[in-house]
Amino acid sequence: MTKTPLKQTALDAFIARKAEIDAMLDRLKALSDDHFDYAPDDINWGHVGTLAHYAELLKRITDSAFKEGEHAE
């Protein structure tokens, strides 16, 4: 079955967006593996707040992707 040009364009756009997400996840994972570039002796409550902010943003994404939280059916 041949794909129409519109569906191929949507597929190309989907693959491009997925690649963007994969690249961001790879960068975020590498930063996390390096403790977000924080030295253990320098950690303070500001760093905890920053990670809490990151976690909240990621929770919004995972709740949407997995239909949890406010996105639960």
Side-chain angles (χ1 to χ4, degrees):
M1 177 175 199
T2 353
K3 294 182 181 190
T4 65
L6 181 60
K7 288 189 182 221
Q8 186 60 51
T9 300
L11 178 59
D12 290 342
F14 180 90
I15 291 169
R17 289 295 181 184
K18 184 189 174 310
E20 285 181 64
I21 291 170
D22 289 345
M24 287 186 275
L25 290 172
D26 289 344
R27 289 182 68 209
L28 189 56
K29 177 67 171 121
L31 188 63
S32 177
D33 288 347
D34 195 31
H35 300 93
F36 293 89
D37 286 335
Y38 300 138
D41 291 338
D42 296 335
I43 297 294
N44 62 48
W45 287 107
H47 299 110
V48 176
T50 297
L51 290 187
H53 177 68
Y54 295 167
E56 178 57 34
L57 294 172
L58 288 169
K59 183 171 179 2
R60 290 170 55 189
I61 293 168
T62 57
D63 280 357
S64 177
F66 296 108
K67 295 176 179 45
E68 297 170 343
E70 69 180 60
H71 301 279
E73 295 176 357

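Just so we're clear, the structure is a prediction, and the values are computed from it rather than from any experiment.
A salt bridge links Arg17 with Glu20: the distance from a Lys NZ or Arg NE/NH1/NH2 to an Asp or Glu carboxylate oxygen falls below 4.0 Å.
Proximity of a side-chain donor or acceptor of Asn44 to a complementary backbone N or O of His47 within less than 3.5 Å is detected.
Rounded to the nearest 0.5 Å, atoms CG (Asp63) and NZ (Lys67) are 12.0 Å apart. Atoms OG1 and NE2, on Thr62 and His71 in that order, are 9.0 Å from each other to the nearest 0.5 Å. One distance of note links CD1 of Ile61 with CD of Glu56; it measures 10.5 Å at 0.5 Å rounding. Atom OG1 of Thr50 and atom OH of Tyr38 lie 4.5 Å apart (nearest 0.5 Å). Distance CD1/Ile21 to CG/Asp26: 12.0 Å, rounded to 0.5 Å. If you take CG on Leu51 and CD1 on Ile43, they are separated by 7.5 Å, rounding to the nearest 0.5 Å.
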Stepwise side-chain contact (heavy atoms from CB on, under 4.5 Å) check, His53 with Leu57: CA-CA 6 Å; His53 177 68; Leu57 294 172; 3.4 Å; yes

